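All values reported here derive from a predicted model rather than from experimental measurement. Letters A, B, ... mirror the listed sequences (proteins, then strands); counts begin at 1.
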There are 2 protein chains.
Amino acid sequence: MKLEKATNGADTATKRRFYDACGTAHALELIGERWALLVIRELMFGPKRFSELRAGLPGISANVLTQRLEGLEAAHIIRRRKLPPPASVQAYELTDWGYEAEPIIQVLGRWATRSPGHDPMQPLSAASLMMSFRTMFDAVRGKWINATIGFRLNGEEFVARIANGKIAIKREDAAGADVIFAGQPTAIAAVVYGGAPLETLDVKGDRALAARFTGLFPLPPKIELGQQV
Amino acid sequence: MKLEKATNGADTATKRRFYDACGTAHALELIGERWALLVIRELMFGPKRFSELRAGLPGISANVLTQRLEGLEAAHIIRRRKLPPPASVQAYELTDWGYEAEPIIQVLGRWATRSPGHDPMQPLSAASLMMSFRTMFDAVRGKWINATIGFRLNGEEFVARIANGKIAIKREDAAGADVIFAGQPTAIAAVVYGGAPLETLDVKGDRALAARFTGLFPLPPKIELGQQV
DNA sequence: CGGCATCCGGGAAGATACTG
DNA sequence: CAGTATCTTCCCGGATGCCG
């Protein structure tokens with residue numbers, strides 16, 4: 001006898017709640033479970049399939065991903081779209097409101113890079129890298145750049161357009177960009193955030209532009225330890 | 001590689017990690033555990049003691065609060081300050097970096113108020129209410145107001161200063177403010193966010209100002225349900 | 001292969017009782 | 001008041017297996 005399936009996170013009514021009118025507390029009820037926000041991050045550049053999500057979330061297990069997808073769908077943050085047969089494959093995409101969660105991801109990321117425990121040299125998904133560019137882009141340094149930068153990252157392609165001190169990034173064919181980076185997201189992060197030499201990367205096109213691009217994303221300083229105010 | 005031993009939550013090194021260079025993922029390692037961010041919220045207006053924290057976090061149990069405080073201290077987000085004997089009482093306060101987490105709380109709160117599941121009529125701590133004012137203040141509506149608003153909320157006192165389209169809120173003696181609200185935070189929230197009549201509140205001083213004040217914090221519209229793009 | 005259900009072990013959260 | 005100790009419950013993670 002199936003006893004209501006224990007309402008594994010999908011049911012907001014019986015879920016563990018905070019009983020707090022604070023909006024922040026409610027946000028944590030919606031996306032505070034483990035992995036939930038990272039699932040949203042992976043969907044920030046467009047729909048993905050189950051296995052694509054798993055690939056971008058190192059260590060998540062299939063059943064937990066299923067639970068998070070159920071919960072996020074019940075909360076109207078994502079929606080599942082069934083592609084037409086014969087390729088009757090399901091894909092998951094953010095709702096409009098789900099896309100509005102982008103500042104949450106950015107603010108958290110910007111704050112956490114000041115942590116002494118943050119290590120930018122670990123594995124990184126393509127979506128993470130692209131999101132980090134949106135987050136850390138320095139408008140002052142990028143003010144005079146007008147260019148398109150392409151990325152080919154294990155099959156996924158992105159294009160960043162820099163103009164008027166802003167950066168816009170979309171999932172899109174990289175061919176035709178002024179410069180194209182190819183390879184693992186981690187290797188590119190090592191250059192942009194870890195100071196590794198540009199020569200370690202596979203770069204096609206305007207190499208001087210590539211060099212300037214990698215300097216557009218300064219990390220904030222680490223916190224001072226041992227301050228005993 | 002398996003994780004050895006329990007290391008009850010306080011040890012960031014052996015804690016459950018995401019193994020992801022993404023700053024957002026690291027932020028979740030730091031403050032993603034249940035209650036952690038709400039503890040930070042409670043400390044946003046200054047140091048508090050253990051029992052004061054419990055009072056503002058309905059439903060947290062003492063051992064969990066202890067674990068969160070240990071973890072947040074190990075992560076350099078909070079610090080414990082021992083007051084001098086004979087009142088050798090401990091208090092917890094945010095570090096400078098901990099205070100920098102305020103945008104996280106605000107962005108989450110603003111986003112979640114659009115959720116159909118958000119109910120502003122639930123219990124609310126004083127810190128939550130004050131933080132919600134900082135978060136939802138409408139600069140346009142408040143542009144022409146220049147005033148100080150006092151609050152007496154179960155013993156805690158706050159003052160909000162509105163000037164030049166900005167609002168600043170501090171824990172401070174409410175006496176001398178142009179208008180003073182007294183009572184339960186929930187009752188004030190019912191007026192500001194729930195449309196309850198001002199007459200349900202204990203208001204001293206400039207009553208017209210009080211009425212204008214309660215209209216300065218519009219909630220964003222709820223999301224459209226059933227959109228089937 | 002993609003998605004989901006089920007079982008299991010370990011660990012985190014919740015509730016209560018207890019101590020300095 | 002400020003936690004600790006203990007017990008229970010639930011969630012997370014891994015493995016397996018079913019079904020289209």
Side-chain angles (χ1 to χ4, degrees), chain A residues 1-11 14-19 28-29 31-39 47-74 78 80-92, chain B residues 1-12 14-19 28-29 31-39 47-73 78 80-83 85-92 155:
Chain A
M1 69 174 80
K2 352 187 19 173
L3 45 146
E4 294 313 316
K5 195 51 199 53
T7 70
N8 49 11
D11 187 349
T14 56
K15 187 154 82 180
R16 254 193 315 183
R17 305 191 57 158
F18 286 111
Y19 300 104
L28 295 175
E29 292 172 351
I31 59 174
E33 287 167 309
R34 194 165 160 79
W35 296 108
L37 194 58
L38 300 185
V39 171
K48 287 200 170 183
R49 294 169 27 187
F50 193 90
S51 59
E52 296 176 306
L53 287 169
R54 275 198 86 171
L57 299 168
I60 197 173
S61 61
N63 52 4
V64 171
L65 179 54
T66 300
Q67 287 174 26
R68 287 306 97 87
L69 291 171
E70 285 172 359
L72 292 172
E73 186 183 20
I78 69 174
R80 73 186 65 199
R81 186 192 284 188
K82 186 152 3 198
L83 302 184
S88 81
V89 181
Q90 255 180 157
Y92 301 87
Chain B
M1 53 173 103
K2 67 181 75 164
L3 301 185
E4 305 287 339
K5 196 67 171 47
T7 69
N8 47 14
D11 187 349
T12 53
T14 56
K15 190 153 75 176
R16 257 193 314 185
R17 306 191 55 156
F18 285 111
Y19 300 105
L28 295 175
E29 292 171 352
I31 58 173
E33 286 167 310
R34 196 164 159 79
W35 295 107
L37 195 58
L38 300 185
V39 171
K48 286 199 172 185
R49 297 174 21 190
F50 193 91
S51 59
E52 296 175 307
L53 287 170
R54 276 197 86 173
L57 300 168
I60 197 173
S61 61
N63 52 5
V64 171
L65 179 54
T66 300
Q67 287 174 26
R68 286 306 95 87
L69 291 170
E70 286 171 358
L72 291 172
E73 186 182 22
I78 69 173
R80 71 186 68 198
R81 186 192 285 188
K82 185 149 12 201
L83 302 184
S88 78
V89 180
Q90 254 181 159
Y92 300 88

[X] has an atom [atom1]; how far is it from atom [atom2] of [N], in whole Å?
| X | N | atom1 | atom2 | result |
| --- | --- | --- | --- | --- |
| A/Leu28 | C/dA13 | CG | P | 13 Å |
| B/Leu69 | D/dT4 | CG | C1' | 14 Å |
| B/Leu65 | C/dA12 | CG | P | 17 Å |
| A/Glu33 | D/dC10 | CD | P | 15 Å |
| B/Lys82 | D/dC1 | NZ | C1' | 15 Å |
| B/Leu38 | C/dG14 | CG | P | 11 Å |
| B/Glu70 | D/dA2 | CD | P | 16 Å |
| A/Arg34 | D/dC11 | CZ | C1' | 11 Å |

Taking atom [atom1] of [X] and atom [atom2] of [Y], what is their separation to the nearest 0.5 Å?
| X | Y | atom1 | atom2 | value |
| --- | --- | --- | --- | --- |
| B/Glu33 | B/Leu72 | CD | CG | 8.5 Å |
| B/Ile78 | B/Glu70 | CD1 | CD | 9.5 Å |
| A/Arg54 | A/Lys48 | CZ | NZ | 14.0 Å |

Would you tell me if any nitrogen or oxygen in the side chain of [X] comes within less than 4.0 Å of OP1 or OP2 on [N]?
| X | N | result |
| --- | --- | --- |
| A/Arg68 | D/dC12 | yes |
| B/Arg49 | D/dA2 | yes |
| B/Tyr92 | D/dG3 | yes |
| B/Ser51 | D/dA2 | yes |
| B/Gln90 | D/dG3 | yes |
| A/Gln67 | D/dC12 | yes |
| B/Trp35 | C/dA12 | no |

Return the polar atom pairs (N/O with N/O) between nucleotides 15-20 of chain C and the protein under 3.5 Å, or none.
from, atom 1, to, atom 2, distance (Å)
C/dA15, N6, B/Asn63, ND2, 2.1

Given D/dG13, C/dA13, D/dG3, the nucleotide with the shortest approach to the side chain of B/Arg16: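 Nearest to the side chain of B/Arg16 among the choices is D/dG13.
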Between B/Arg34 and A/Gly32 (side chain of the first, backbone of the second, donor and acceptor by atom type, cut-off under 3.5 Å), is there such a pair? no
Does the pair B/Ile60 and B/Leu38 meet the rule for a side-chain contact (heavy atoms from CB on, under 4.5 Å), with working shown? CA-CA 10 Å; B/Ile60 197 173; B/Leu38 300 185; over 6 Å; no
Would you say that B/Phe50 contacts B/Thr66 through its side chain, given a criterion of any heavy-atom pair below 4.5 Å between the two side chains? yes
Exercise: identify the closest heavy-atom pair between A/Phe18 and A/Glu29: N-OE2, 2.8 Å
